[in-house]
Undergrad: 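Handing you a structure now.
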Amino acid sequence: MPSLSHPATMQMYANAMVTMHERWDSTVESQRRGQFENLVRQLADMAGIPAPRVIWGSAGGAFDFAQWSLEVDRRAASIDPRVGTGAQKTPLKDWLYFSTSIYHEMRHCEQNFMILQALLASKFPMPQPMTRAILPGGDLPSRVAAVMGFPILIVRRASIVRAQFSDHDIARTRSWCESMWGRYGRTRNQTYKHLDRGGRHMNKYVELPEEADAWAVERQVSRLIRDLIGHRLGNEALDGLAGLFA
């Protein structure tokens, strides 16, 4: 089953974004929201993970593992990206940012589910703070849900859906787990706390294992969209956008 880092999954999403771009005039915002929500479900199906509930907001986008929800910036469905294909590129750049942020946050959703799958299949031990907190009694999914804060239905789903983990999969999934839940959790929390200061704090943020992975996937999706738009509209439509795909 392809993950969200698989080229076919990324190509599907890029194709859908370009189609939305081309048909902007023939749709209204509510229809575009529905298209994004369908895409989230399609990505989840392709990756074999439970689809998160989509919440429309204004904060750029975020995945909430405790609620198993995905906040999507409403501007992804409202900014007219075609305005930015002339002298002013800002609308197109903003739309690309908001639309690819959805993929970024869906990757975080997949990361969290992979962590649960790996832990429940004993691919690596529980991170130290969690090991001490999980007490005997009851089934393991219930105890993991209680300590880590995941919805019990998501944990039970992870215990049923068996994944094929390569050595590479195990290593990177464990690195995400240690960053979010284990010995490096304090470093991660401090990084998030000071993120609004920018500079070195932003550099530390993008270097976190789970963020480095999600940003790498998002950049690949962005490049695919750029190439498709450039092919269909002409490369001059992308002038000034190079930094977005670095």
Undergrad: Using only atom types and a distance under 3.5 Å, with no angle test, would you say the side chain of T9 pairs donor to acceptor with the backbone of S3?
TA: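 Here the side-chain-to-backbone pair exists.
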Undergrad: For residues G57 and E71, report the shortest heavy-atom separation together with the two atoms involved.
TA: CA-OE2, 3.5 Å
Undergrad: Kindly indicate, with the supporting measurements, whether the criterion side chain to side chain contact (heavy atoms under 4.5 Å, CB included) is fulfilled by S222 and Y103.
TA: CA-CA 10 Å; S222 296; Y103 205 98; over 6 Å; no
Undergrad: Please report the closest heavy-atom contact between S58 and R75, naming both atoms and the distance.
TA: O-NH2, 3.5 Å
Undergrad: Do I49 and M114 have side chains that approach each other closer than 4.5 Å (heavy atoms only, starting at C-beta)?
TA: no
Undergrad: Between V54 and S69, is a side chain to side chain contact (heavy atoms under 4.5 Å, CB included) present by the stated rule, with each step listed?
TA: CA-CA 6 Å; V54 174; S69 63; over 6 Å; no
Undergrad: Is R33 salt-bridged to E29, cutoff N-O under 4.0 Å?
TA: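 Counted as a salt bridge, because a side-chain N and a carboxylate O are separated by less than 4.0 Å.
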Undergrad: Compare all side-chain heavy atoms of P52 with those of V40 and state whether any distance is below 4.5 angstrom.
TA: yes
Undergrad: What I want to find out is whether R107 reaches D213 closely enough, with some N-O distance under 4.0 Å, to be called a salt bridge.
TA: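 Between D213 and R107 there is a salt bridge, with a charged N closer than 4.0 Å to a carboxylate O.
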Undergrad: Would you name the heavy atoms of R156 and S142 that are closest together and state the gap between them?
TA: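 Nearest heavy atoms, R156 then S142: NH2-OG, 2.9 Å.
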Undergrad: List the atom of I152, the atom of P141, and the distance in Å for their closest heavy-atom pair.
TA: CD1-O, 3.7 Å
Undergrad: Does Q111 reach the main-chain N or O of E210 with its side chain, forming a donor-acceptor pair under 3.5 Å?
TA: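 Indeed, once roles are kept as given, a pair shorter than 3.5 Å links the two residues.
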Undergrad: I need the M10 CE to R219 CZ distance, nearest 0.5 Å.
TA: 12.0 Å
Undergrad: So, taking the atom named CZ in R74 and the one named CD1 in I79, what distance separates them when rounded to the nearest 0.5 Å?
TA: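 The distance works out to 11.5 Å.
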Undergrad: Can you tell me how far apart CZ (F63) and CD (E110) are? Round to the nearest 0.5 Å.
TA: 11.0 Å
Undergrad: With distance as the sole criterion, is a donor-acceptor pair present between the side chains of Q11 and N15 under 3.5 Å?
TA: yes
Undergrad: A side-chain contact here means heavy atoms from C-beta on lying under 4.5 Å apart; do L96 and P81 qualify?
TA: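 The answer is no; the side chains never approach within 4.5 Å.
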Undergrad: Donor-acceptor check, side chain of D169 to backbone of S166, threshold 3.5 angstrom: yes or no?
TA: yes
Undergrad: Looking just at side-chain N and O atoms, do Y205 and E211 make a donor-acceptor pair shorter than 3.5 Å?
TA: yes
Undergrad: Answer yes or no: is there a donor N or O on one side and an acceptor on the other, between the side chain of Q31 and the main chain of V28, under 3.5 Å?
TA: yes
Undergrad: Less than 4.5 Å apart, any side-chain heavy atom of Q35 and any of T27?
TA: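 Of all side-chain heavy-atom pairs linking T27 with Q35, at least one is under 4.5 Å.
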Undergrad: Considering all heavy atoms of both residues, which atom of A118 and which atom of T173 are nearest to each other, and what is their separation?
TA: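 Scanning both residues completely, I find the closest heavy atoms to be CB-CG2, 4.1 Å.
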Undergrad: Parallel, tilted or perpendicular for H21 and W95, by the 30°/60° rule?
TA: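 Ring orientation of H21 relative to W95: tilted.
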Undergrad: Any idea which heavy atoms bring E218 and S101 closest together, and the distance?
TA: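 Smallest heavy-atom distance, with atoms named: OE2-N, 3.8 Å.
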Undergrad: Report the C-alpha distance between N112 and W68 in whole Å, list the side-chain angles of each, state the deciding distance to 0.1 Å, and finish with yes or no for side chain to side chain contact (heavy atoms under 4.5 Å, CB included).
TA: CA-CA 10 Å; N112 277 269; W68 208 255; 4.2 Å; yes
Undergrad: Has D73 got a side-chain atom pairing as donor or acceptor with A76's backbone, closer than 3.5 angstrom?
TA: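 Not confirmed, D73 side chain does not pair with A76 backbone.
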Undergrad: Stepwise, does the side chain to side chain contact (heavy atoms under 4.5 Å, CB included) test hold for Y97 with H104?
TA: CA-CA 10 Å; Y97 169 75; H104 178 115; over 6 Å; no
Undergrad: Which residue, W176, W181, F113, forms the ring-ring contact (aromatic ring centres under 6.0 Å, His included) with F65?
TA: W181
Undergrad: Would a hydrophobic clustering, with Ile, Leu, Val, Met, Phe, Trp and Tyr connected at side-chain separations under 4.5 Å, put L70 with I55?
TA: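 No, L70 does not connect to I55 through the hydrophobic network.
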Undergrad: Is any side-chain heavy atom of F98 closer than 4.5 Å to a side-chain heavy atom of V72?
TA: no
Undergrad: Do V147 and R143 come close enough that some side-chain heavy atom pair is under 4.5 Å?
TA: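 No, every pair of side-chain atoms sits at 4.5 Å or beyond.
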Undergrad: State the CG-OG1 distance between L224 and T100, to the nearest 0.5 angstrom.
TA: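 Output value for this atom pair is 11.5 Å.
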Undergrad: With a 4.5 Å cut-off on side-chain heavy atoms, are P125 and R174 touching?
TA: yes
Undergrad: When you measure from the centre of the six-membered ring of W24, is the NZ or CZ of R32 closer than 6.0 Å and no more than 45° off the axis?
TA: yes
Undergrad: Using the rule that Ile, Leu, Val, Met, Phe, Trp and Tyr join whenever any side-chain heavy atoms are under 4.5 Å apart, tell me whether L119 and L140 fall into a single cluster.
TA: yes
Undergrad: What's the spacing between S175 OG and I115 CD1 if we round to 0.5 Å?
TA: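 Reported value, rounded in 0.5 Å steps: 8.5 Å.
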Undergrad: Is there a donor in the side chain of Q220 and an acceptor in the side chain of W215, or the other way round, less than 3.5 Å apart?
TA: no
Undergrad: First locate atom CE of M106, then atom CG of L39, and finally report the distance between them rounded to the nearest 0.5 Å.
TA: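 It comes to 10.0 Å.
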